[in-house]
Amino acid sequence: MENKPKIIQLPKILDRRGNLSVIEEWKEIPFKIERTYWIYDVPGGEARGGHAYKENQEFIVALSGSFDVILDDGKERQTYSLNRSYYGLYVPKGIWREMNNFSTNSLALILSSTGFNQEDYLYDYEQFKTFIHA
Ligand code: TYD
């Protein structure tokens with residue numbers, strides 16, 4: 001099981017008619033895709049996230065525009081700037097996650113390893129720290 005965040009390059013099929021990139025489960029990303037959602041029309045200065053998941057893994061792509069993803073494993077905090085549609089950020093389970101600095105018209109695509117389950121969320125940072133050290 002993968003447990004480190006990482007930027008994953010996606011195939012880029014260059015074509016004078018326009019480029020194409022692709023993601024297949026278990027191939028470019030280390031999980032089966034159970035759910036897809038996207039974040040868009042984020043007003044200037046707004047932040048998303050501010051939570052961790054106990055089980056869910058994600059892969060985040062800036063399909064359009066740019067934004068930052070701040071990941072925190074309880075020891076270190078790292079900022080990943082996403083601004084191309086041919087790479088994305090793999091986020092393992094048990095990582096605190098925030099997203100900010102959304103550009104105008106940015107579009108964040110998120111692939112998830114589990115269906116939506118409110119019980120999987122850790123919304124409190126101290127609760128998150130307790131969970132990962134358990
Ligand atoms: P949330 O995961 O907190 O968004 P973010 O991390 O981007 O800030 O979800 C925001 C709201 O949307 C919350 O009320 C739950 C709902 N939601 C769903 O119903 N299904 C989903 O798959 C997701 C991701 C969120």
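In listed order, ligands and their atoms are each counted from 1. Index from 1, following the sequence.
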Query raised in the report: Does the ring center of F131 lie less than 6.0 Å from the ring center of F128?
Result: no
For a quick test of your reading: what N or O donor-acceptor pairs under 3.5 Å do the side chains of residues 40-47 make, sequence neighbours left out?
none

Query - D73/K75 ion pair, N-O < 4.0 Å - result: no
Report summary line: Near ligand 1 (heavy atom, under 4.0 angstrom), the protein residues are R35, Y37, I39, R48, G49, H51, R97, F116, Y121
Report task. Output all residues satisfying ring pair (Phe, Tyr, Trp, His ring centres under 6.0 Å) with Y37, sequence neighbours left out; order by chain, then residue number. Result -> none
Requested in this report: Identify, with sequence neighbours excluded, every residue that meets side-chain contact (heavy atoms from CB on, under 4.5 Å) alongside S113.
Outcome: F31, N56, Q57
Query raised in the report: Under a 4.0 Å N-O cut-off, is there an ion pair linking E24 with K32?
Result: no
